[in-house]
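Worksheet for the structure shown next.
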Amino acid sequence: MLLTSFSSKSVRHVLTFCIQISEGKKMQPKLTILKLFKNSLAPVPHQINRLLAKHLSTITQFPLTHDSPFSPESPSRLTRDPKLSDPENGNFFISPLANWVDNPTLENFKSIAAESGTGGDIDKVKGILKRHFPSEDAVVKALDESGINATNDLVSQLLERFSNQWITALGVFIWAKNQTGYVHTPRLYDLVVDILGKCKKFGIMWKVVNEMNELNGHVSFSTMSIVVRRLASSGMYKDAIDVLRGLEKYRVKKDTVALNMVMHALAKQGGAKDAYSVFLEFKDSITLDSHSFNILIHGYCEARMLDDARKTMEEMEKHGFRPDASSYTCFIKAYCKQKDFRNVEVILNEMGEKGCEPDVIAYSIYIRALGKARKINEALEVYEKMNKNSCKPDAKFFSTLIYVLGRSGRLNDAWYVFEDMENHGVSRDLWTYNAMIYHACANRQGNSALKLLERMEVNSCKPDLETYQPLLKMCCKMKDMKVLKFLLSHMFNNNVRIDLSTYALLIRELAESGKLEHACFFFQDAVLNGIVPKDRTYEILLKELGQNNMVEMKGKIEKLMLQAKEQI
């Protein structure tokens, strides 16, 4: 541990804690969490030297000025802001952190390029596919002229890269299939089926599925799950049910797993009544299990049809299945959404009477809802009750507790819970890191948030979009383009793709922070990646451009939006 990086006050906390351990005076895990003492441990620093920056793809329509904050000469606010590096506030500036962000080397660029799969045919094909194509035939023609040979790995990368552009993805799929000696794997067929379903091109999707059916063994339960999920998410409930009726035509078993899959897809998308109609139609021909009833209970509870959920629970018992913790948790979640905590207690008491103890999921949902309602004391009382019932916390529970403490302004306590998890035999996972990073960012503790990102790598915990979004938002608000560039490079290095919501966040926050050239850059990048920006995002950007008299850029954004909508 780098003790020189800590304030003297913080070192005393660490040393006192270590002395207590050595003398056997360390509190029991249950008590340490319940006490949640005021002076929390700061995050443990590590030598930070492996995560390095990489340039974004160059797009010339919106060139950045020479003195743009993306330039290497621009100092980082996160490493210079005295508020963010104040040890007394829990942020301990470590000099290697600046090197982590500021000093990429040539060798590191090479390693990042190798790890991200750039170079060779993939870059050449991506360059070709950046153009706007009116049809999949135009895509096939362009790729045929390239002279590139298709491989399963190349096609997989391209389908994932252009998963939001069905014309390009389908063109790649057809181009590869037409090459002599090339054969698509079942996984690639499933991938293109998913893309077509996501883009609501169901007629073409079914053509691909029927083609798969002519190839023995290509249509699987996974394929039909994708089809049902995409139909249900588009509100095509009857079509999704028809898939179940005709499963055997595709050599897929019509069994309990298939029935539950269809009911779950319908219930998840707000079709609880349709899920029940499926249940009624097949209950005499397909064996039911407890999960079948829990799916219906969950669907009704999500739709706030609690009377129907209760009737389903009664029917569950008539079929010889005893309601379990999952059954009751659906009611707990429904009442928590309504902030009806009195009825939550009624459900918990009913569970106790029937000898069905709540599990850690139920307690986590309850505590999170209390935290959202800013009932922190009640939340901690529920945690104490959980301990009395010998219900062991897991990583998701600790994420919830961190969320509740952070939301209530008790950030030091949240840090303490985060650092104390391993004393309970629970390892930190993605959920807990994300919760702690979120609250560090919300409290403008930039260096601490970056150190957590580094700790994730040290502990082989792969970040996801939820990890990066609060960090990106903080950088945009603070106008720290250097760290923003670093974070985006770090995302690409971890194969985390920017989605619609992240583009919206970047465009909105940059525009409102006055970084309009950068906001336009990301708007354009979204369109080139086949993503249509939200209308609200578009309106915010146009408004800021208009107010700043950036007429030319405003015109380009309007043309880009028209181009994006033509691709739908």
Side-chain angles (χ1 to χ4, degrees), residues 1-3 5-6 10-48 50-51 90-92 94 97 359-361 363-364 367-368 371 379-380 382-384 386-407 410-441 443 445 447-464 466-467:
M1 185 179 290
L2 302 177
L3 292 179
S5 302
F6 289 77
S10 301
V11 171
R12 285 199 301 273
H13 286 314
V14 176
L15 292 177
T16 301
F17 190 73
C18 292
I19 291 169
Q20 287 177 340
I21 294 173
S22 65
E23 294 179 351
K25 295 180 181 178
K26 184 172 176 295
M27 301 167 69
Q28 291 298 315
K30 290 182 183 179
L31 297 176
T32 57
I33 294 292
L34 288 175
K35 187 174 180 183
L36 294 173
F37 59 88
K38 185 177 180 181
N39 295 314
S40 66
L41 293 177
V44 181
H46 291 273
Q47 191 71 18
I48 301 172
R50 296 203 305 278
L51 307 178
N91 265 312
F92 308 108
I94 301 177
L97 187 61
D359 59 13
V360 67
I361 297 173
Y363 281 118
S364 296
I367 289 174
R368 188 177 186 87
L380 293 175
V382 172
Y383 174 65
E384 189 171 5
M386 173 180 162
N387 278 323
K388 287 180 180 177
N389 291 335
S390 301
C391 180
K392 292 184 178 180
D394 60 7
K396 284 190 179 181
F397 172 82
F398 281 113
S399 304
T400 299
L401 194 55
I402 289 167
Y403 167 83
V404 168
L405 292 168
R407 185 179 173 87
R410 296 172 64 170
L411 189 62
N412 281 347
D413 290 336
W415 275 117
Y416 181 76
V417 170
F418 180 81
E419 295 296 348
D420 192 56
M421 284 176 61
E422 291 186 352
N423 291 328
H424 296 256
V426 180
S427 298
R428 301 177 194 94
D429 66 357
L430 178 63
W431 294 84
T432 44
Y433 275 110
N434 284 356
M436 202 65 247
I437 286 173
Y438 173 84
H439 287 296
C441 290
N443 286 273
Q445 293 192 357
N447 286 326
S448 293
L450 285 173
K451 280 181 264 184
L452 285 171
L453 186 62
E454 194 275 338
R455 284 176 71 176
M456 290 180 74
E457 183 179 83
V458 170
N459 295 318
S460 300
C461 182
K462 192 177 186 302
D464 65 1
E466 193 175 330
T467 310

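The chain is numbered in sequence order, starting from 1. Because only heavy atoms are used, hydrogens play no part in the values below, and waters and symmetry mates are left out as well, while side chains stay in.
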- [ ] May I ask you to check whether F397 and Y383 place their ring centres under 6.0 Å from each other?
- [x]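 Between Y383 and F397, the centre distance is under 6.0 Å.
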
Taking atom [atom1] of [X] and atom [atom2] of [Y], what is their separation to the nearest 0.5 Å?
X	Y	atom1	atom2	answer
Y403	I367	OH	CD1	13.0 Å
N447	L452	CG	CG	11.0 Å
D464	N434	CG	CG	5.0 Å
E457	E454	CD	CD	6.5 Å
S427	F398	OG	CZ	11.0 Å
I361	K396	CD1	NZ	7.0 Å

- [ ] Please check if atom CG in L430 has more than 12 non-hydrogen atoms from other residues, nucleotides or ligands closer than 6.0 Å.
- [x]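 For L430, atom CG is crowded (more than 12 foreign heavy atoms under 6.0 Å).
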
Open item on the list: Would you say NZ of K462 has more than 12 non-hydrogen atoms from neighbouring residues, nucleotides or ligands within 6.0 angstrom?
Closed with: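 More than 12 within 6.0 Å, yes.
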
Any sub-3.5 Å donor-acceptor pair from [X]'s side-chain atoms to [Y]'s backbone N or O?
X	Y	answer
N389	C391	no
R428	A395	no
N443	Q445	no

Open item on the list: A side-chain contact here means heavy atoms from C-beta on lying under 4.5 Å apart; do Y416 and L405 qualify?
Closed with: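 No, too far: nothing below the 4.5 Å cut-off.
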
- [ ] Dump the intermediate steps for side chain to side chain contact (heavy atoms under 4.5 Å, CB included) on M386 and V360, then the final yes or no.
- [x] CA-CA 8 Å; M386 173 180 162; V360 67; 3.8 Å; yes

- [ ] Tell me, with the steps shown, if M421 and D394 meet side chain to side chain contact (heavy atoms under 4.5 Å, CB included).
- [x] CA-CA 9 Å; M421 284 176 61; D394 60 7; over 6 Å; no

TODO: Determine, for Y433 and R455, whether the Lys NZ or Arg CZ falls below 6.0 Å from the six-membered ring centre while staying within 45 degrees of the axis.
DONE: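 R455 over Y433 ring: no.
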
TODO: Take H439 and F418 through the test side chain to side chain contact (heavy atoms under 4.5 Å, CB included) and record every step on the way to the result.
DONE: CA-CA 12 Å; H439 287 296; F418 180 81; over 6 Å; no

- [ ] Please report the closest heavy-atom contact between S399 and A435, naming both atoms and the distance.
- [x]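 Between these two residues, the closest heavy atoms are O-CB, 3.8 Å.
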
Task: Closest heavy-atom pair and its distance - T467, M456 - done: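 The pair with the smallest heavy-atom distance is CG2-SD, 3.7 Å.
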
Open item on the list: Between D420 and H424, do the side chains contain a donor N or O and an acceptor N or O under 3.5 Å apart?
Closed with: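 D420 and H424 do have a side-chain donor-acceptor pair below 3.5 Å.
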
